[in-house]
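Step one of this worksheet: look at the structure below.
Positions are given from 1, in the same order as the sequence printed here.
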Amino acid sequence: MSKNLVIVESPAKAKTIKRYLGNDYQVESSFGHIRDLPKKNISIDIENGFEPNYEIPADKKRVIANLRKAAKGKEVWLASDEDREGEAIAWHLCHALKLKPQETKRIVFHEITKPAISNAIKQARTVNEKLVNAQQARRILDRIVGYQLSPVLWRKIRPGLSAGRVQSVAVRLIVEREREINDFTPESSFKVSASFASQSGAELPAELKRSLANELEAKQALEQFSDDAFTIEDIKKRPSTKNPPAPFTTSSLQQEAARRLGYSVKQTMTIAQRLYENGHITYMRTDSMTLSQTAIDSAKKYITKHYGENYSQTRQYKSKSRNAQEAHEAIRPSDLSKQEAGENSSQQKLYKLIWERTIASQMSPAKTDRTTVQIGSKKTNEVFIAKGEQLQFDGFLKVYGGTQDDVLLPELSPGELVTIREANAVESFTKHPARYSEATLVKKLEELGIGRPSTYAPTITTIQDRGYIEKADLEGEERVHKALQLKDGVVTATSTTKTHGADKSKLLPTSVAMITNDFLTKHFSPIVDYNFTAKSEEAFDKIASGDVDWVKMLEDFYQDFAPLVEKSQDISRQESTQTKQIGLDPKTNEPIMARFGKYGLMLQKGSGENDIKPLFAPMPEGKSIETVTLEDALEMFKLPRLVGHTEDGQEIYGNIGRFGPYIKVGSLYVSIKPEDPMTISEKEARKRYQEKLKAEKEKYIKEFDEKLSVLKGPYGPYVTNGQKNARIPKAMDPTKITKEEAEELIKKARPARKRYKKKPAK
C-alpha cells in the first residue's frame, strides 16, 4: 500500500508523474482549483480586512471527498504548478483537506522528468504564504473591480457588460488604435528605383536615396536622369553578425506561434499545456529567458555532435522586464535530444518550434558581408544607393530562421562610370498604424507591464466573448498608384491599382467597446490607466517578496476606487451612452439623435416627450456616433422601404434589423445579406423569398396535425408540438415514425426552460 499521496492539478500530469514514482506514491488530481469565490456575489468582506469567503463548488465536493479518503494515513505532497496560481491551489488544498500549510510538504518543478521530480522531493518545502497573498491580492482586487464596476455599466450603458483591471485596458488599447487609424490621412510620395549597367555590362539595381514629393517632381527628375552621367562615388564593405533570438517566454511563444503556425493565443497555451503535462517541455507560463546549466550543456552536446564545434556558442539570456521572475526557466524541451514529440500534428509543430528556438539560442551568430555602393549624379547631385549582402557563415540560421538569399553586386571600383538603363518612379502612400492581432496585443501588454503570462490568453478570450472585440479578416480597399518610367530616354506615365488595408485575424473594437471605453476613461480613468495596471503588477511582486502587506495594498486602492463608484450614480444614461443630436427633421422639425441602444448603435427621431413615441432606425454601416450625418440619418428613416410585391400580390418590405438586412413578407422574415434593403430589386427580393419558402417547406419531414410535426433541425430530426421539442433517437427512422411514437417522445422530453425577464432596476 502507498505511503505517500501526491496531488497535482490535472489527470494528464498525474499520469505522467506516476511513471517516475514508485509504488510508495499514489498520484491523484484536484482537477484545477478546488475552492474559489462564489459567482453569485462579491464574497469579499471589505469592511473586515478584505476577508474572502471561499467555498468548494458543488462539482468539486466529490473530488475533495475522494482526496480526503486517499490522504488517510498517508503523507501528503502538494505538487501543483510552480507559479502563484499553483501555490494558491496548494494552499486551498490544505484548507479543504484540513492539512496544516506550515507542515504539509510542497514540491515544485520546472519540468516533468524523473530527475526533476526526484530533486523536487529532496528539496520539499511548505506552502509559501507570501506567494499565496500575492495571488489573493490579485484575485480580490480584480473581483472588486469586476463586481462593483460592472453593475455601473449595466445601469448606464447595457446589461451584461463587464469591466476588469486588465481586460478594460486591453480594450482601451484596441479602441485607441482604431481611432488612430480613423484619424490617419495617408500622404503620397514617389520612390525611384533604377537599373544601371557597369562598364563590364553587369546589372546594378539601386534606389534613389530620397523620396520625391509629387508627380511633377518625379517627372522632372526622370527627365534629367535621361541625359545625366553617373559614377561610383563610394564602396563600403563591412562584416555583419546576426545573433540568435532568446529561448521562449510565454508571450514570445504566443507571438511566434501566431506568426509561424497561425495559432491563436488560447490555442498555443492549450497545446503547450498538453506538452508540459506529458513531460515534453518545461512549464509554459514564465517570463524568464534563463536556461538551466543542464539544458545549456545538453544543447552544446547536441550542437557539437550534429553541426560541429564552430556552431556552438553557449550564452545565458536575461529578461529586459524588471518584473521577470528569473528563478524560473524559459520554455524548452525537457529532453533536447528529442527532436520530435507530441500526440498530434498541432503538438508536434509547437514542440518543433520550441526545440528549434532553444537549440538556436545556444548556437553561433550568422555572419554576412554587407556592401553599400553610392552612385552619384553629376547633373542633379542626386544619390542612388545599391546594397548587397552575402552570407559567409549560417550559424543559428541552420536550425532557426531559414536560409538567407545572397544579394550579390558586380565587381565595381570607385570613380567608375555607370549607365542608367531604366528608372521607375512609383507613387507610395504612408501607412496607418497596424491594428492589433492577438500576438501583437500580448506584446504590447507585456511592454506596458500589464498582466502576467498566465493572464494573456484568458484576457483576450474574455474581451472577445463579451462582445467588445471581434477578430476579423479585412478586405482592404483599392487605391490607384501613379507611376512614371524612364526608358530609352523617354518618360511615360502609367498607373497601377493596389489593395490597401487587407489583413487577416485582426482585433477590431465593436461599438459597445467604443462607448464603454469612453465611459470608463472619463469616469474611472485610474482603473483604465496604463500606469495603474502596471503598478498593480509591481505591487503583487512586492507582496510575493514580502515587502508589501497585501491588505494595506487593497486598502490604498479601495479608498480611491469607492468614491468613483459612488459618484457614478449621478451620471445620466444619456451622457453615458453618448446620445448626440445631429440635426432636425426638415419636415417635422423633430430632433434626430445618434445613440447607443440595447442592441448597439441606433438613430432616434423625436424626444419621446408628450407621450409621443419616438421613431428608431439602424445606424448606417460603417458609421458611428461621431461620424454619422443628418443626411445619413434621413436616408435610414426611409426604412422600411417598399421593395415591391410577390407574384401573388403580397407587399415586400426591406429593412435592417438586429441581425442585419432583411425583407419581410407578411410575418415571414428573410435575411438578404449582403444586399442593401435600400437598393435591392423586386426581382432579387422575390428570388430570396421563394428560396426561403422552399427551405421552410423542406424543413417538415412529417405533419400529424397543426401542432404535432417532425422537423429537420441543425442537430438532427426532432418532434415538436409547439411547446416542447424531443430529439428522435438514431435507431428510429423519422420518416416512418407514428403519431403515437411522436406523442410518447414529447411526453418523455424535458419541458422547455422558462425565460425569466429581469426586473427593472428601482
- Message: Closer than 4.0 angstrom, basic N to acidic O: yes or no for Arg210 and Glu382?
- Response: yes
- Query: Counting only N and O atoms by type, is there a donor-acceptor contact under 3.5 Å from the side chain of Tyr263 to the main-chain atoms of Ser346?
  - Reply: yes
- How far apart are the C-alpha atoms of Arg84 and Asp541, what are their side-chain angles, what is the distance that settles it, and do they pass the salt bridge (Lys or Arg N to Asp or Glu O under 4.0 Å) test? CA-CA 10 Å; Arg84 294 171 194 169; Asp541 290 339; 2.5 Å; yes
- Query: Would you call the rings of Phe519 and Phe524 parallel, tilted or perpendicular if under 30° counts as parallel and over 60° as perpendicular?
  - Reply: tilted
- Cationic N near anionic O, under 4.0 Å, Glu215 to Lys219: no
- Query: Are the side chain of Arg641 and the backbone N or O of Pro677 linked by a donor-acceptor pair below 3.5 Å?
  - Reply: yes
- Would you mind checking if Glu537 and Arg165 are paired as a salt bridge, meaning a charged N to carboxylate O distance below 4.0 Å? yes
- Can you check whether Leu208's main-chain N or O pairs, donor with acceptor, with Lys191's side chain at less than 3.5 Å? no
- Do any N or O atoms from the side chain of Thr627 and from the backbone of Lys623 form a donor-acceptor pair under 3.5 angstrom? no
- Value rounded to 0.5 Å, distance of CD in Glu178 from CD1 in Ile469: 9.0 Å
- Item | All pairs passing ring pair (Phe, Tyr, Trp, His ring centres under 6.0 Å) where residues 562-584 contributes a residue, at least two apart | none
- Message: Regarding Glu438 and Lys471, does a basic nitrogen lie under 4.0 Å from an acidic carboxylate oxygen?
- Response: yes
